[in-house]
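Here's the structure we're looking at; comments come further down.
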Amino acid sequence: MPIYEYRCTSCGHEKEVLQKLSEPPLTECPACGKSTLRKLVSAAGFHLKGSGWYATDFKSVSKPKEGSQEAQDKSASKDKQEAKSKEQHAAKEDAKTTKEPATTAPKAPLPATTAGKADS
């Protein structure tokens with residue numbers, strides 16, 4: 001639906017209105033009550049309704065303002081997660097370096113076979 005701009009020629013009051021294309025233009029000024037409200041010629045904006053549009057599906061959640069308690073809590077939580085991740089990574093690296101190489105039992109020599117040799 002288009003968003004139209006209106007201005008009163010008597011008092012100068014300006015207003016933006018969301019209207020259907022089929023609706024008649026407004027004429028009465030909400031500020032002074034006179035019938036001198038005129039539609040302005042401007043780049044028409046429009047409002048997309050329903051789901052599937054950027055405003056409803058892909059709009060990001062607002063971030064907490066810097067310095068607020070919520071922002072501080074979020075920052076502290078993030079720091080704790082990073083510290084925990086670093087500790088886990090260090091523990092894995094330590095485990096790799098302290099792991100003793102696997103020892104294998106010495107293999108016994110294979111018995112000699114006469115397979116494939118011709119009898120003389």
Side-chain angles (χ1 to χ4, degrees):
M1 289 198 324
I3 301 170
Y4 295 106
E5 292 180 282
Y6 288 90
R7 181 183 297 142
C8 178
T9 56
S10 295
C11 69
H13 178 76
E14 292 186 359
K15 181 178 183 176
E16 289 184 347
V17 181
L18 182 66
Q19 285 184 298
K20 291 183 179 180
L21 292 171
S22 60
E23 290 182 28
L26 301 178
T27 56
E28 190 174 316
C29 177
C32 66
K34 295 182 181 176
S35 295
T36 54
L37 197 62
R38 300 288 180 251
K39 191 185 293 188
L40 299 176
V41 177
S42 62
F46 60 95
H47 181 74
L48 302 172
K49 290 196 168 205
S51 64
W53 304 104
Y54 176 79
T56 58
D57 290 345
F58 301 107
K59 192 171 187 178
S60 65
V61 177
S62 64
K63 294 180 181 177
K65 291 187 177 183
E66 200 170 313
S68 71
Q69 184 63 38
E70 186 179 345
Q72 292 172 359
D73 292 345
K74 194 171 189 176
S75 178
S77 175
K78 186 176 180 182
D79 291 344
K80 286 179 184 177
Q81 287 176 344
E82 287 177 1
K84 186 176 179 180
S85 176
K86 285 180 182 177
E87 287 175 9
Q88 289 174 344
H89 181 70
K92 285 181 183 177
E93 289 299 316
D94 288 343
K96 285 181 185 176
T97 58
T98 58
K99 195 182 277 187
E100 294 180 20
T103 56
T104 57
K107 295 183 180 179
L110 296 174
T113 59
T114 56
K117 291 186 180 179
D119 289 333
S120 352

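Just the heavy atoms: all of them, side chains too, but no hydrogens, waters or symmetry mates, feed the values below.
- Between Leu37 and Cys8 the shortest heavy-atom distance is CD1-N, 3.7 Å.
- Closest non-hydrogen pair, Pro25 versus Lys39, comes out as CB-CE, 4.0 Å.
- Not counting sequence neighbours, the partners of Glu5 by the side chain to side chain donor-acceptor pair (under 3.5 Å) test are Ser42.
- Looking at residues two or more places apart in sequence or on another chain, you find a side chain to side chain contact (heavy atoms under 4.5 Å, CB included) between Thr9 and Thr36, Arg38.
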Tell me which donor-acceptor pairs under 3.5 Å the side chains of residues 15-22 have, and how far apart each pair is, sequence neighbours excluded?
unit_1 : atom_1 : unit_2 : atom_2 : d
Gln19  : OE1    : Tyr6   : OH     : 2.7
Gln19  : NE2    : Pro24  : O      : 3.3

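- Taking 4.5 Å as the limit, every side-chain heavy atom of Cys32 sits out of range of all side-chain heavy atoms of His13.
- Within the structure, the salt bridge (Lys or Arg N to Asp or Glu O under 4.0 Å) test picks out no pair touching residues 21-37 (sequence neighbours left out).
- You'll find the side chain of Cys11 reaches within 4.5 Å of the side chain of Cys29, heavy atoms only.
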